[in-house]
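What follows is a single structure, written as structure tokens, with notes after it.
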Amino acid sequence: TQSTWAAAGRSSSSASSANGCAPHGALGKVKVANLTEEERIVYRRLKNREASQLSRDRKRQRLEILETEVADQKAIVAQVEHERDQALYELSMLRNELCTLRSRL
């Protein structure tokens, strides 16, 4: 099993992903008590690599969600600013009309 662990950590077989990490959950359940010290070290490194990749994936997903929310909020701000500008223009027109009407009295 020692050579199996070493191969799993350094192999470029189809079980490894493009970045050289084992696919998520590829290690499965292993009885650590049955491993040699060297196998435990390799196993721990592989599990850590897998956990790190999962963490990066979750972070990337959170970032994409936040970027989408920012874009949505910017669109809302632009729409509200446009509506405000229209309302200010209309207010200006109504004030001018009021002044015109008052001057006729």
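The analysis underlying the following values was restricted to heavy atoms, covering all of them including side chains, and did not include hydrogens, waters or symmetry mates. For reference, positions follow the sequence shown, starting with 1.
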Show every donor-acceptor pair shorter than 3.5 Å between a side-chain atom in residues 64-76 and any protein atom, with sequence neighbours excluded, or say none if there are none.
{"from": "Thr68", "atom 1": "OG1", "to": "Glu64", "atom 2": "O", "distance (Å)": "2.9"}

- Task: Starting from the C-alpha separation in whole Å, work towards a yes-or-no answer on side-chain hydrogen bond (donor to acceptor under 3.5 Å, both in side chains) for Glu83 and Gln79.
- Result: CA-CA 6 Å; Glu83 291 172 5; Gln79 178 64 31; 2.9 Å; yes
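Side-chain heavy-atom separations under 4.5 angstrom define the hydrophobic clusters, and the remaining members of the one that includes Met93 are Tyr89.
Every residue two or more places apart in sequence or in another chain that forms a side chain to side chain donor-acceptor pair (under 3.5 Å) with Arg60 is listed here: Asp57.
Between Glu37 and Arg40 there is a salt bridge, since a side-chain N of the basic residue sits under 4.0 Å from a carboxylate O of the acidic one.
Other residues, nucleotides and ligands place more than 12 heavy atoms under 6.0 Å from the CZ atom of Arg84. Residue Glu90 places its CD atom among 12 or fewer non-hydrogen atoms of other residues, nucleotides or ligands, all under 6.0 Å distant.
The line from CG of Asn96 to CG of Leu101 is 11.0 Å long, rounded to the nearest 0.5 Å. Going from atom CG of Leu98 over to atom OG of Ser103 covers 9.5 Å, rounded to the nearest 0.5 Å.
Arg58 and Gln61 share no side-chain donor-acceptor pair at under 3.5 Å.
Side chains of Asn48 and Arg44 form no contact here, defined as non-hydrogen atoms less than 4.5 Å apart. Glu97 has its side chain out of reach of Thr100: every pair of non-hydrogen atoms, C-beta onward, lies at least 4.5 Å apart. Contact check for Lys59 versus Arg62: side-chain heavy atoms found under the 4.5 Å cut-off.
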